[in-house]
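Worksheet for the structure shown next.
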Amino acid sequence: MNKNDSECDLLIIGAGMTGVSAALFANELGLKTVIAGKTGETLYSSGLIDLISSFPVDDKKIHDDPWALINEIKKSDSEHPYSFIDNGDIEKSLKKIMTYFGDAGLQYRCNGKNSRIITPLGHTKSTYCYPETMENNRIAFENKSSCIIIGLERLRGFSSEMIKQVLQKNWKGLESATVRIPYFDHMSSIYSETVARFLQTEKNRDTFVTLLEPLVKDYEYVGLPAVLGIHNSSYLLKDLEKRLSVKLFEIPVIPPSITGLRLKEVFHKILHENGITFLNNYILTRNKDNSFDANHENNKAVIKPSNVLLATGRFIGKGLSAKRKGIVETVFDLNVNQPGERVNWHSGNFFDPHEINLAGIKTNTSFNPIDENGKIVDKNLYAAGSILSGNDWKRLKCGSGVAIASAYSAVQNIK
Amino acid sequence: MIKTKVLVIGGGATGTGVARDLALRGIPCVLVEKGDIDSGASGRNHGLLHSGARYVYSDPVSAAECKEEGTILKRIAPHIIEDTGGIYAAVKGDDPTFIEDFQEMCDKCGISAERLTVEEALALEPNLSKDTIAAYKVEDASIDPFRLSIENMSDAKNNGAKFLTGYELKSFKIENKKIVSATVQTKGGKTEDIEPEIVINATGSWAVMITRMAGIDIDMVFSKGSLIVTQTRLSNMVLNRLRIPDDSDIIVPGGTVSIIGTTSERIDSPDEAYPRVEEVDKIVDEAAKLIPVLKKSRLIRVYSGVRPLIKTENAGSDRMIGRSFSVVDHEGTVGNFITITGGKLTTFRLMAEKAVDLACKKLGINKKCTTMDMPLPDSPTAKFIKPGYSAKQWLLNNDVNDPLLCECEMVSKSVVDSLIETLEDHAGDSYLVAMGLRSRATKGPCQGMFCSLRILSYMYDKGVFKGDEGLSDLKLLLNERWKGLHPLLWDQAMVQAELMEALHCGFLGTELE
Ligand SMILES: Cc1cc2nc3c(=O)[nH]c(=O)nc-3n(C[C@H](O)[C@H](O)[C@H](O)COP(=O)(O)OP(=O)(O)OC[C@H]3O[C@@H](n4cnc5c(N)ncnc54)[C@H](O)[C@@H]3O)c2cc1C
């Protein structure tokens, strides 16, 4: 379909994890699909695909069996989106998306339960699917193998020493070191993307190997910040493993990170390869006749969709906007389920749950938004992802899971 | 056990001022502070160096004191003062009698107030409301309270005073109506006994807790005031509402920001002073009448301080309770014990002088106060607090080996290195919080979300933290920042807060047990 072609079966607003997943699922059903908008929170992503690892919200513990938690949600009176979705569908939808990612060159691993991945704080994070480049991260931690974490000078916010200090209590064979890559000597700070681009050439990898060799030779596992390339991380990992004769892994880093960028690039690639029209970075406004104006710089398109899926995210994604007197939905001005006045939004302790995280769009079980009286707003309008009410993804660690599974479920209802 | 002449309790402006005064008179002293320097009202006020005009109506004594002390401070400590000048402006609906009487009230207290036409006022301050109906120019200025106390401390130390931060006074041992020793304790439970000849209680709102340890009650009430910091500076001069003193009357510019407030709410204990959503709304709505751009300004942070008010009869409201200070000589009950409380930041020097004069009398020492003439040295420790200082240094030095760790406020690795060195002064709760007090780090729009992690990991690399110590430190910082954030989360600030939670909870799981 060409970009000026204005009619489509489904318009997806928002091109984050939810929007892109929905586009792929809709495409599988043969729906003529247009996806428009920004990548939302994706760029901040650690690359870990969480299903859920904590419930209820004040539990503050992590659990390794996500399915047990989902079943608990279904038994409770929680309005979490998982309560509308069949477990088989949740699993299937995640598998499908991981396959798309893998086919596009970003391989993921999943063990059917949550796995522990070391974070830059030296904590571990419990997640459902993780990039293949973090497989040895999981294994080294699980077995407390002989391992050295290597930091890079000038890469701020990543201290191999910190990770060692925090983990060392229960992991005796863990060591740390930092290397200086002379190539970056003229820069006061570098980002993981800088290093990823550097590692693309064979010659630079030789340099890198020479620097690492003396440090790593006594260890079975070597952990690096996530810097191993953008489009070919699995290949780079294997290449370096071979040359260094060690088992290598990545540790996610704080934003701006390469893990988010990898996802963004993969999104673009898959949409393109599947022939899905993608209006990247276009801002949509709704017209009176239910058509949409899509604008980006000087480009303009008019879209006349039969169905619309709202996947605009929360405050970061700009699907929701917080005003002094209340929260509004930005495209359709839909009713936002919210905890009343601002006093009720947040608790005084950052680490306690905040009610505002439950705010969002309420839907029926088919993911059609409903108004304050429980009536469907429009049978051709759907909402999915973090904009849905009742899912405190930051505390339950269910961001990507809700994005993918609700996108799947919503799309199945489109005739 | 530590023996000393004078034990000073409290490390705010008053306590550090007392320590400096004693040290300059050559009298040995030890100062104990339960938190970090300026963890009480001195770190949580408006930073207004009062011309005195604020008090001409309700408290002429304070007004005159402010006038005199303001003049002294501008002379001895110009490097921590921005001599902005101030404007009093009334808007439509404000009481015309007050407007007309203002000049005479100021004259009576010896305070200069120059009547401006509305056009003149608007030319000086274009952000003033178009509804302005009358204005005066006064001699208000803005002062950096953190630098003030840190400079007091540095100079006191250079002259022999000893500081114990992170030590809380726990009890006195009293024999024959005299304090013979005092026991102080760290959060970690380490105790120390101090044997002083005189004790000066300079604990502001906590003064009554200290006197009770000596078996003495004073009648004190606590009034909380909250203040909002904006991302940009909204005026050149200090702006005041020209009316009978009320809430949300004052806008104090300082460096690149403005501070707006305040409120006045009775609270039961000085330890419970946190800002509320309702206060933020009240301040924004009310202060916007004087300066309408406030409604469109990004708010960075809100915080609360506590005013210790000594109760007197006939005070209609808390604002009408005298703001002048009290030096209480406990002679007769506990002979070697002095309490100094109340007053203002502006009058800290005078308060210290009076307290030390009394201590000298009790000790039979005949040494005159010199703080009205001795310039307050510009110490290296406090320089990073100055807005823009570390940014300017970083740009000038242009050193590729000195990456920025806090990007919003441009605080680089070398600054963090120097701060770590000075942190031996600090035995409080959190290194990261202490660092924020001594520099601009973690104070920009990201409110510590990213820079906390960069500074933390750098400090691990330097070996400052071991095991998981740094993680509890990080939690303390984030929560400290949060207390000042959550009441003002809307628009862009809400986006920023969601990102902070997404990173620190969603990804890093810092909230988990
Ligand atoms: C909202 C607000 C705005 C203000 N604005 C201005 C202004 O613009 N201009 C102005 O001039 N004044 C202003 N003031 C007044 C000014 O802030 C105070 O008068 C001044 O800071 C008091 O200093 P202090 O040292 O006496 O008390 P504090 O700064 O409160 O110091 C007391 C110290 O004692 C410590 N302490 C308590 N108990 C113990 C213990 N058991 N052991 C050891 N240490 C202990 C505390 O931790 C604290 O650090 C304002 C006050 C408030 C509340």
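Residues of residues 322-329 of chain A lying within less than 4.5 angstrom of chain B, judged on heavy atoms, are A322(A), K323(A), R324(A) in numerical order. Using non-hydrogen atoms only and a strict 4.5 Å limit, the part of residues 347-359 of chain A facing chain B consists of S347(A), G348(A), N349(A), F350(A), F351(A), H354(A), I356(A), N357(A).
Contact count versus chain B (heavy atoms, under 4.5 Å) is highest, among I316(A), D50(A), L320(A), D59(A), for I316(A). When K475(B), E278(B), R276(B) are compared by the number of non-hydrogen pairs under 4.5 Å with chain A, K475(B) comes out ahead.
The contact between L404(B) and chain A is made by backbone and side chain atoms together, counting heavy-atom distances below 4.5 Å. Within the 4.5 angstrom heavy-atom criterion, only side-chain atoms of K295(B), from C-beta onward, approach chain A. Residue I455(B) does not touch chain A at all, counting heavy-atom pairs closer than 4.5 Å. In this structure, chain A has heavy atoms under 4.5 Å from both the backbone and the side chain of F507(B). For T510(B), the parts lying under 4.5 angstrom from a heavy atom of chain A are both the backbone and the side chain. Residue H186(A) touches chain B through its backbone alone, counting heavy-atom pairs closer than 4.5 Å. Contacts of L503(B) with chain A are made by side-chain atoms alone, with heavy-atom separations under 4.5 Å and no backbone atom involved. Only the side chain of R154(A) comes within less than 4.5 Å of a heavy atom in chain B; its backbone stays farther off. Contacts of M459(B) with chain A are absent, with no heavy-atom separation under 4.5 Å from either backbone or side chain. K61(A) touches chain B through backbone and side chain together, each having a heavy atom under 4.5 Å away. For E480(B), no part sits under 4.5 Å from any heavy atom of chain A, backbone or side chain. When heavy atoms are compared at a cutoff of 4.5 Å, D399(B) approaches chain A solely by way of its backbone atoms N, CA, C and O. Contacts between L471(B) and chain A at a heavy-atom distance below 4.5 Å involve the side chain alone, from C-beta outward. Only the backbone of F158(A) comes within less than 4.5 Å of a heavy atom in chain B; its side chain stays farther off.
If you look at W345(A) and H486(B), their ring centroids are not closer than 6.0 Å.
Between the OG atom in S188(A) and the CG atom in N397(B) there is a gap of 12.0 Å [rounded to 0.5 Å]. The distance from the CZ atom of R156(A) to the CZ atom of R454(B) is 4.5 Å, given to the nearest 0.5 Å. To the nearest 0.5 angstrom, W393(A) atom CH2 is 8.5 Å from E501(B) atom CD. To the nearest 0.5 Å, atom CD1 of residue I254(A) and atom OG of residue S452(B) are 7.5 Å apart.
Using a cutoff of 4.0 Å between basic side-chain nitrogens and carboxylate oxygens, E498(B) and K394(A) are scored as salt-bridged.
Heavy-atom minimum distance, H123(A) versus G509(B): CE1-O, 4.4 Å.
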Next on the checklist: Checking L456(B) against L121(A) for the side-chain contact (heavy atoms from CB on, under 4.5 Å) test, could you report, in this order, the C-alpha distance in whole Å, the side-chain angles of both residues, the deciding distance, and whether it holds?
Outcome noted: CA-CA 9 Å; L456(B) 180 68; L121(A) 282 188; 4.2 Å; yes
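Counting heavy atoms from C-beta outward, P120(A) and L508(B) have side chains that approach closer than 4.5 Å.
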